Each structure stands twice: as C-alpha cells, then as structure tokens.
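Position 1 is the first residue of the sequence, and the numbers go up from there. None of the values given here were measured: they were computed from a predicted structure.
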Amino acid sequence: MNLRQQIIADRVDEIASMFAIEPENAFLRLAWSLVTGRSVHAFDTADVVDGGQDKQMDVFVIEEQDDSGDVFILQTKYTDSFSSNVLIQLANGLRWVFQRPRRDLELLPNTALRDKILEYRALQSSLGPSNIRVHVRFVTCGDASTVSDEFTQELNGIRDAYGTDTFEAFTVEPLGFDELTDLSKIQERQTRRVDADL
C-alpha cells in the first residue's frame, strides 16, 4: 500500500469509528463528501439507493438551485480495482435514469432508486436538461491511471451517449486513491480558509 492509499484507508477507518459503521459504508460516505465538497456529517442516508436492483448506483444526490441543478451519481467499491463489468452495469443504470419509459420505472423493485429517478425526471421537466449538471463517479481505492482498455472503452461509450450538449454538463470519471487524495487536500484547504475567516 502506498502513502496515498494509506491516507485514504486511515480516513475510512476514522469515519467508520466515528459513525460506528462498516468500512464499506465509511468509504461511501468519504467518497460522497469528497465529490460533493461537503462534510461527512452532512451525509443524508435518504440519498443511498444501494441494495437489490440498484443498477450499480450507490448514492443518488439531487441538488436544486434557483434555476439549475446538480445530480451526483456515485458507485463506490472499497477495493483496489476498477471493474469493467461494474461500469457496464452502471451504464445500464444510467439508461434507466435518462431513457427508460416511466411504465418500466414503476416495475423497478428498488423503491429508493425508483423514487430518485422520478425525482430527477421532475427536476428535468421543470428546469430543462440544459440547466442540469450531471456528475457520475466510479470510486475505488485503486489506481485510476491504470484502468483496462475495456474499462476505457466503456467509459468513452458513456461519455459519447450523454456528453452531447444535452445537459449543461455531463461528466463521468473513475476516481482512485490519487484523485481522492487530491480532493481531500482541496477540502482541507477550504476548511482551513473558513476557519481562518471565522
């Protein structure tokens, strides 16, 4: 384990101890915090869609501002690899979010996911997709710079399908220990700046 992996592992252990939760759930909470720039204490369990028929989506966050919105979809695996098969399943999940007809959604047994998709569709209807920023992240403790060719092909397929100027922004990125450590440093600097201002 290198230094950056150990830093992330230590943060996971700290969060697991703080909230008395399993390391996998602590990693999910840490990933959410770093991607959204929020404190781990602000995590809302109502945004968790993990479970049976979750379409490889663990967290589905919808944030509406006055005339725009941000959607965060996270798949987290507390492992040191990026599985192409999981990414393929996540791509299928995105089709459920953006393309499947409503009648199909009614049959989805994961009610938390179904409700989030319907909430997203309502946001899209009220704001229009050109005012929505979609952030999809596949987060592990692995090295995102060494993903397989198949993984890269699937990632580019998702980008081609949804990064077509339909949304204000659509990004899908793998995040590993390097990216998580970089996001952690940004968050630490912002926290220090806020503390200094106070």
Side-chain angles (χ1 to χ4, degrees), residues 1-45 47-51 54-61 63 70-94 133-159 163 169-196:
M1 185 176 292
N2 71 28
L3 174 61
R4 286 183 157 217
Q5 285 173 310
Q6 188 59 55
I7 288 169
I8 298 303
D10 289 345
R11 289 282 311 273
V12 168
D13 290 345
E14 178 188 337
I15 293 167
S17 176
M18 184 186 316
F19 295 101
I21 56 179
E22 295 296 317
E24 292 78 14
N25 292 329
F27 182 69
L28 183 150
R29 193 176 286 233
L30 173 63
W32 169 88
S33 171
L34 295 176
V35 168
T36 63
R38 302 274 172 80
S39 164
V40 292
H41 298 282
F43 184 74
D44 187 350
T45 55
D47 292 328
V48 176
V49 295
D50 188 23
D54 62 18
K55 309 298 180 190
Q56 293 301 328
M57 289 179 266
D58 294 334
V59 181
F60 195 134
V61 180
E63 296 178 352
D70 284 281
V71 177
F72 298 90
I73 297 173
L74 275 68
Q75 164 54 241
T76 63
K77 297 283 186 194
Y78 194 40
T79 65
D80 60 0
S81 65
F82 289 90
S83 165
S84 299
N85 288 337
V86 171
L87 187 61
I88 291 166
Q89 292 169 336
L90 177 57
N92 177 53
L94 294 174
R133 295 167 296 276
V134 181
H135 318 271
V136 182
R137 301 293 183 265
F138 185 172
V139 189
T140 80
C141 294
D143 186 347
S145 69
T146 62
V147 296
S148 69
D149 290 343
E150 182 182 22
F151 188 95
T152 301
Q153 289 167 357
E154 295 299 333
L155 197 63
N156 289 335
I158 296 171
R159 289 174 178 147
F170 179 92
T171 57
V172 55
E173 301 294 339
L175 302 181
F177 60 82
D178 272 333
E179 294 78 13
L180 293 175
T181 304
D182 290 344
L183 288 170
S184 183
K185 288 192 308 190
I186 292 167
Q187 194 176 64
E188 289 162 8
R189 286 187 193 115
Q190 289 173 337
T191 301
R192 280 198 298 270
R193 197 173 304 125
V194 168
D195 291 345

Any pair counted as side-chain hydrogen bond (donor to acceptor under 3.5 Å, both in side chains), so long as it reaches residues 133-142, sequence neighbours left out: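 Those involving residues 133-142 are Gln65-Arg133, Ser68-Arg133, Asp70-Arg133, Asp70-His135, Arg133-Glu168, Arg137-Thr171.
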Residue pair Lys77, Gln56: steps toward the side chain to side chain contact (heavy atoms under 4.5 Å, CB included) verdict: CA-CA 10 Å; Lys77 297 283 186 194; Gln56 293 301 328; 3.6 Å; yes
Results of side-chain hydrogen bond (donor to acceptor under 3.5 Å, both in side chains) for Gln5 - residues two or more places apart only: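 Once residues adjacent in sequence are excluded, Gln5 has no partner under the side-chain hydrogen bond (donor to acceptor under 3.5 Å, both in side chains) criterion.
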Least distance between heavy atoms, [X] atom then [Y] atom:
X: Ala31; Y: Val139; value: CB-CG1, 3.8 Å
X: Ser39; Y: Trp32; value: O-CZ3, 3.1 Å
X: Val40; Y: Arg29; value: O-NH1, 3.4 Å
X: Ala144; Y: Gly176; value: CB-N, 3.9 Å
X: Ser84; Y: Ser148; value: OG-OG, 3.3 Å

Chi angles and distances behind the side chain to side chain contact (heavy atoms under 4.5 Å, CB included) call for Leu180, Phe27: CA-CA 11 Å; Leu180 293 175; Phe27 182 69; 3.8 Å; yes
Interatomic spacing from [atom1] in [X] to [atom2] in [Y] - rounded to 0.5 Å:
X: Ile8; Y: Leu34; atom1: CD1; atom2: CG; result: 6.5 Å
X: Phe170; Y: Leu94; atom1: CZ; atom2: CG; result: 5.5 Å
X: Glu24; Y: Thr79; atom1: CD; atom2: OG1; result: 10.0 Å
X: Asn25; Y: Asp50; atom1: CG; atom2: CG; result: 8.0 Å

Got [X] and [Y] here, is their nearest side-chain heavy-atom distance under 4.5 Å?
X: Ser184; Y: Ile7; value: no
X: Glu173; Y: Arg159; value: yes
X: Phe177; Y: Asn2; value: yes
X: Phe43; Y: Val48; value: yes
X: Leu183; Y: Leu175; value: yes
X: Leu74; Y: Leu28; value: no
X: Leu3; Y: Thr181; value: no
X: Gln75; Y: Lys55; value: no

Side-chain donor or acceptor of Asp54 paired with backbone N/O of Gly51 under 3.5 Å: yes
Donor-acceptor contact present, side-chain Gln187 to main-chain Ser33, <3.5 Å: yes
Donor-acceptor side-chain pairing of Gln89 and Asn85 below 3.5 angstrom: no
Stepwise side chain to side chain contact (heavy atoms under 4.5 Å, CB included) test for Phe72 and Asp47: CA-CA 10 Å; Phe72 298 90; Asp47 292 328; over 6 Å; no
Within 6.0 Å of CD in Glu63, more than 12 heavy atoms from elsewhere: yes
Asp149 atom CG: more than 12 heavy-atom contacts under 6.0 Å: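 No - once you tally the heavy atoms of other residues, nucleotides and ligands closer than 6.0 Å, there are 12 at most.
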Worked check of salt bridge (charged side-chain N to carboxylate O under 4.0 Å, His left out) between Arg4 and Glu179: CA-CA 10 Å; Arg4 286 183 157 217; Glu179 294 78 13; over 6 Å; no
Derivation of the ring-ring contact (aromatic ring centres under 6.0 Å, His included) call for Phe151 and Phe138: CA-CA 11 Å; Phe151 188 95; Phe138 185 172; 5.7 Å; yes
Steps toward side chain to side chain contact (heavy atoms under 4.5 Å, CB included) verdict (Asp143, Phe82): CA-CA 8 Å; Asp143 186 347; Phe82 289 90; 5.8 Å; no
